[in-house]
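None of these values were measured; they are calculated from a predicted model.
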Amino acid sequence: MRSLRFLLSRRWLLFALVVVVLCYATWWLGEWQFHRLADRKESNQIIRANEDRAPAPVADVLSPGGAVADEDEWRLVTATGTYDTDDTVIVRYRTRDGQSGVDAVVPLVTADGTALLVDRGWMAADNQGAGPTDLPEPPAGEVTVEGWARADATGDSTAVDGHSTRAISSDTIGPAIDRPVYGGFVELKSEDGQPADGLEPVELPELDNGPHFFYGLQWWFFGLLAICGFLYLAYDEWRGRSRGESSTREQVADERKQRRALKNAQKQRLREAYQRAYEEERRERQSSRSVPPPADAAAPPDEAGETTNAATRPNFPGAP
């Protein structure tokens with residue numbers, strides 16, 4: 001465990017903090033995607049239920065100045081009145097299949113004077129050049145429309161400038177045309193049983209779950225990848241330090257072996273030197289013992305302890 005103390009260094013603590021923040025962000029984004037998935041499933045369930053319901057009078061679903069309830073989104077409603085083409089509002093920046101275009105929103109004035117905003121459909125056009133006069137004329141006189149109830153958009157895009165906007169909202173269009181309107185608006189399905197002439201009908205929502213589930217898993221995978229990356233880098237650092245310690249121990253052991261071998265070699269050389277000196281001394285002793293005495297060397301003493309010489313020995317008869 002002592003080798004893991006590097007994790008307490010400033011560099012690794014900052015690294016761990018970054019990983020924690022990143023994991024929290026990916027977890028939150030994954031949860032956000034799963035919440036969007038739940039909302040979409042709920043919305044799809046409401047739309048499917050409303051598709052099976054019979055059309056209702058607009059006054060039963062919408063109210064002047066009121067908001068569209070969640071359970072009434074995409075519900076079919078009917079209304080009878082007269083189109084007010086002078087207050088037509090163009091919704092710009094509506095693209096289909098990569099082609100720019102506009103939506104035509106025309107107020108349908110009902111019998112009590114309250115107008116219902118009807119999005120009659122889409123037309124391919126230049127977002128900046130098209131005007132109300134360029135749109136196909138709606139039916140004249142009294143007409144019965146059938147369409148899907150939609151909630152108002154929100155945000156700065158709902159602002160109306162010269163009968164032009166980027167998103168439909170009864171809260172901004174009503175004051176712009178100076179007329180009381182129902183809350184929300186209607187996506188046209190038919191006028192007197194017929195689709196709008198010269199306009200593309202509204203695109204119905206796709207009732208699938210979308211990519212939210214896989215997006216959520218993807219965010220969580222990124223968080224798991226950050227944790228695995230941190231653990232791998234920590235393991236790689238620990239392994240490098242362990243190898244360094246092992247190599248240091250091996251180096252110390254090798255140095256000890258080298259010193260021991262050097263000492264043994266020195267001892268062997270001294271032993272050999274002593275052996276050579278001893279052999280030389282022994283040979284010298286042996287050689288000194290094997291040398292004969294000189295000729296004039298003194299004779300050994302006689303029994304009387306006196307030394308004699310052949311030249312001084314008396315020449316007595318019988319003497320040796």
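- Judged by distance alone, the side chain of T165 and the main-chain N or O of A159 form a donor-acceptor pair under 3.5 Å.
- With sequence neighbours left out, the side chain to side chain donor-acceptor pair (under 3.5 Å) criterion links D236 to R239.
- The 12-atom threshold is exceeded at CG of N264, counting heavy atoms of other residues, nucleotides or ligands nearer than 6.0 Å.
- Applying the salt bridge (charged side-chain N to carboxylate O under 4.0 Å, His left out) test to residues at least two apart or on different chains, the pairs with a partner in residues 105-122 are R120-E191.
- Taking the ring-ring contact (aromatic ring centres under 6.0 Å, His included) definition, one finds that W219 meets it with F222, sequence neighbours left out.
- Counting non-hydrogen atoms of other residues, nucleotides and ligands closer than 6.0 Å to CD of E31 gives a total above 12.
- With sequence neighbours excluded, no residue forms a side chain to side chain donor-acceptor pair (under 3.5 Å) with E280.
- Once rounded to the nearest 0.5 Å, the distance linking CD1 of I168 with CZ of R94 reads 5.0 Å.
- Side-chain contact between D171 and T158 is absent, with no heavy-atom pair separated by less than 4.5 Å.
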Which pairs would a plain distance check flag for residues 265-274, meaning a side-chain donor or acceptor within less than 3.5 Å of a matching protein atom at least two apart in sequence or in another chain?
residue, atom, partner, partner atom, Å
Q268, OE1, R271, NH1, 2.8
Q268, NE2, E272, OE2, 3.3

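- Atom CZ of R179 sits about 10.5 Å away from atom CG of L117, to the nearest 0.5 Å.
- Distance check, rounded to the nearest 0.5 Å: CD of Q33 to NE2 of H212 gives 6.5 Å.
- L135 contributes atom CG, which lies 7.0 Å from atom CG of L199 (distance to the nearest 0.5 angstrom).
- Both V105 and F185 are part of a single hydrophobic cluster, where members link through side-chain heavy atoms under 4.5 Å apart.
- When hydrophobic residues (I, L, V, M, F, W, Y) are linked wherever their side-chain heavy atoms come within less than 4.5 Å, L8 remains an isolated member.
- P136 and M123 get closest at one heavy-atom pair: CD-SD, 3.9 Å.
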Less than 3.5 Å apart, which donor and acceptor atoms pair up between the side chains of residues 9-29 and the rest of the protein, not counting sequence neighbours?
residue, atom, partner, partner atom, Å
S9, OG, F6, O, 2.7
T26, OG1, L22, O, 3.1
T26, OG1, C23, O, 2.8

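- Taking 4.5 Å as the limit, every side-chain heavy atom of S169 sits out of range of all side-chain heavy atoms of I173.
- Residues satisfying the side-chain contact (heavy atoms from CB on, under 4.5 Å) test with R48, not counting sequence neighbours, are N44, L207.
- Of the possible donor and acceptor atoms, none in the side chain of S100 sits under 3.5 Å from a partner among the backbone N and O of Y93.
- Minimum interatomic distance between I47 and P205 (heavy atoms only, all atoms of both residues): CD1-CG, 3.8 Å.
- I46 forms part of no hydrophobic cluster, judged by ILVMFWY side-chain heavy-atom separations under 4.5 Å.
- L62 and L188 fall within the same hydrophobic cluster, where Ile, Leu, Val, Met, Phe, Trp and Tyr residues are linked whenever their side-chain heavy atoms come under 4.5 Å apart, directly or through other members.
- Y182 and V109 fall into different hydrophobic clusters, where Ile, Leu, Val, Met, Phe, Trp and Tyr are joined by side-chain heavy atoms under 4.5 Å apart, directly or via other members.
- In terms of the side chain to side chain donor-acceptor pair (under 3.5 Å) criterion, R36 has no residue partners (sequence neighbours excluded).
- When the side chains of ILVMFWY residues are joined at heavy-atom separations under 4.5 Å, either directly or via intervening members, W122 and V118 end up in two distinct hydrophobic clusters.
- Scored by the ring-ring contact (aromatic ring centres under 6.0 Å, His included) test, F34 finds F213, W220 as partners (sequence neighbours excluded).
- Here CD of E137 is found 11.0 Å from CG of D197. Values are rounded to the nearest 0.5 Å.
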Run the side-chain donor-acceptor check on residues 143-156: report pairs under 3.5 Å with partners two or more places apart or on a different chain.
residue, atom, partner, partner atom, Å
T144, OG1, T80, OG1, 3.0
R150, NE, E73, OE2, 2.8
R150, NH1, E187, OE2, 3.4
D152, OD1, S170, N, 2.9
D152, OD1, S170, OG, 3.3
D152, OD1, G184, N, 3.3
D152, OD2, S170, OG, 2.6
D152, OD2, G184, N, 3.3

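- Linking Ile, Leu, Val, Met, Phe, Trp and Tyr whenever their side-chain heavy atoms come within less than 4.5 Å leaves L225 and I227 in two separate clusters.
- R92 and S164 get closest at one heavy-atom pair: NE-OG, 2.8 Å.
- Expressed to the nearest 0.5 Å, how far NZ of K189 lies from CG of L76 amounts to 5.0 Å.
- Atom CD of E206 has 12 or fewer neighbouring heavy atoms from other residues, nucleotides or ligands inside a 6.0 Å radius.
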